[in-house]
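To start, the structure under review is shown below, and the notes come after it.
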Amino acid sequence: GTLKQIQGELPEQWQAELIEDGEGGVLVSYEDNEWIPPSTSTTRVRMQRVDSSGSFLWGPTGVRVTTAEINHGVQASVTDGEGGCVVVWPNQLPNCTYEYRANRINNLGEIVWSDTGIFIENNINSERANIVRASDGHYYVQIRRNLYRIRENGEILRRDSVTLGYPIPDPERGVVLSGKTGTLNNIKLVAQRKDSLGNNLWQEPYVEIADSLYINTVLRIQYSNGHYYYGWSGTKDGIVQLSQFQALRQDGSKLFPQSSLKISENSPIGSPHIIPSESGRTIIIWNDATISSSSFAQMYDTLGNKLWA
């Protein structure tokens, strides 16, 4: 088929992020950019919706998330469940600080919350925010150590100070947060579940999922069939950088209570990718540089049994 180039109104487009639109297509958020020598640039966040046949639904150059004529930082987006999305981005202010804002774009590509979006917070950093859609249709936005709960109409309901990240929505309007803690000699993987009022639901201060993580491991976290799956690389059975995974139930208990499951005897291997499947099964995919940079996959049931030969 013919490749589709996502375009904007400026010469260059980058920092693209794709999410499903719930109707067989995708929503693409990206930065529209122009370099102005010798040392300045113009950057605007835009959105485009592409249907299953590859047609652009929001015009040839997409739509802007704000009418404000100010440079933007890297964006994050999530579907609104109705063919549109909510986007979070930082505006670059003149005093080298950043103003985080969010806006909702409906299924027609129209701005919903306001021409310039809703204000969330000012920050001296411009790193990408995290945004997820809760089970009740509201949104959680995390900017560093601040976690916001936002209504569908853009009203900010609450702000909580948190130490963990990687938000994953739970089935009861809350969210699960995860992260690393401990010392350089023993890095631990931990998690905590919060309800919609900001209360912790699991043991204090958190549930410990694993220890002895590799210092530079990437965390892979995926909700699948009622469980929260975690993939990482770390020391196990005296071998460093073994790729492994574990899962938590809704009450914070471990699905595999004896130990995490290692996916290979080979080392070093990075963190596995986790793909939800049906009937309580989960697919694990990993790259093995010890075997000519090969990729492998295996399906597991909730007892930890391998289902593929």
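Because the structure is a prediction, the values reported are computed rather than measured.
With a 6.0 Å radius and a threshold of 12 heavy atoms from other residues, nucleotides or ligands, W35 has its CH2 atom above the threshold. With a 6.0 Å radius and a threshold of 12 heavy atoms from other residues, nucleotides or ligands, K180 has its NZ atom above the threshold. Shown here is R128, whose CZ atom has more than 12 heavy atoms of other residues, nucleotides or ligands within 6.0 Å. At most 12 non-hydrogen atoms from other residues, nucleotides or ligands lie less than 6.0 angstrom from CD1 of I124. Atom CD of E204 has more than 12 neighbouring heavy atoms from other residues, nucleotides or ligands inside a 6.0 Å radius. Annotation for R145: atom CZ does not count as buried by contact number, only 12 or fewer foreign heavy atoms lying within 6.0 Å.
Partner of R104 under the salt bridge (charged side-chain N to carboxylate O under 4.0 Å, His left out) criterion, chosen from E82, E110, E155: E82. For the side chain to side chain donor-acceptor pair (under 3.5 Å) test with K236, the passing option among S259, S267, S212 is S259; the others fail. Evaluated for a side chain to side chain donor-acceptor pair (under 3.5 Å) with Y228, the options Q246, Q250, Q222, R249 yield exactly one hit, Q250.
Between V162 and Q142, the closest side-chain pair of non-hydrogen atoms falls below 4.5 Å.
Between the side chain of Q244 and the backbone N or O of W232, no donor-acceptor pair lies under 3.5 Å. Side-chain N or O atoms of T235 include none that pairs as donor or acceptor with a backbone N or O of G238 at under 3.5 Å. Under a 3.5 Å cut-off, the side chain of D80 and the backbone N or O of N106 do not form any donor-acceptor pair. Side-chain atoms of Q192 come within 3.5 Å of backbone atoms of Q203 as a donor-acceptor pair (strictly under, hydrogens ignored). Judged purely by atom type and a 3.5 angstrom limit, D211 has no side-chain atom pairing as donor or acceptor with the backbone of N186.
A distance of 4.0 Å separates CH2 of W308 from CD1 of I283, quoted to the nearest 0.5 Å. Put simply, CD1 on I284 and CD1 on I274 are 5.0 Å apart, with the number rounded to the nearest 0.5 Å. Distance CG/N33 to OG1/T43: 4.0 Å, rounded to 0.5 Å. Atom-to-atom distance recorded for E20:CD and L27:CG is 10.0 Å, nearest 0.5 angstrom. To the nearest 0.5 Å, the span separating OG on S271 from CZ on R220 amounts to 5.5 Å. One distance of note links CD of Q92 with OG1 of T97; it measures 9.0 Å at 0.5 Å rounding.
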For this session: Could you walk me through whether F296 and I263 pass the side chain to side chain contact (heavy atoms under 4.5 Å, CB included) test, one step at a time?
Result: CA-CA 10 Å; F296 297 88; I263 63 173; over 6 Å; no
Exercise. Going through the checks in order, is the side chain to side chain contact (heavy atoms under 4.5 Å, CB included) test met by Y300 and K306?
Worked result: CA-CA 5 Å; Y300 291 83; K306 298 178 180 179; 3.5 Å; yes
Problem set entry | Test log, rule salt bridge (Lys or Arg N to Asp or Glu O under 4.0 Å), inputs E69 and R64 | CA-CA 11 Å; E69 295 295 340; R64 286 178 56 172; 3.0 Å; yes
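Taken together through direct or relayed side-chain contacts under 4.5 Å among Ile, Leu, Val, Met, Phe, Trp and Tyr, W202 and I221 form part of one hydrophobic cluster. Hydrophobic clustering of Ile, Leu, Val, Met, Phe, Trp and Tyr side chains at less than 4.5 Å, counting indirect connections, unites V86 with V141. Linking ILVMFWY residues whenever their side-chain heavy atoms come closer than 4.5 Å, directly or via other members, places Y100 and I156 in the same cluster.
Using a 4.0 Å cut-off between charged nitrogen and carboxylate oxygen, D21 and R49 count as a salt-bridge pair.
Summarising the geometry of Y166 relative to N130, their closest heavy-atom pair is N-ND2, 4.4 Å, with the distance given to 0.1 Å. Annotation for Y223 and P276: closest pair O-CG, 3.8 Å, computed over non-hydrogen atoms.
Classification of the W89-H72 ring pair by plane angle, with boundaries at 30° and 60°, yields tilted.
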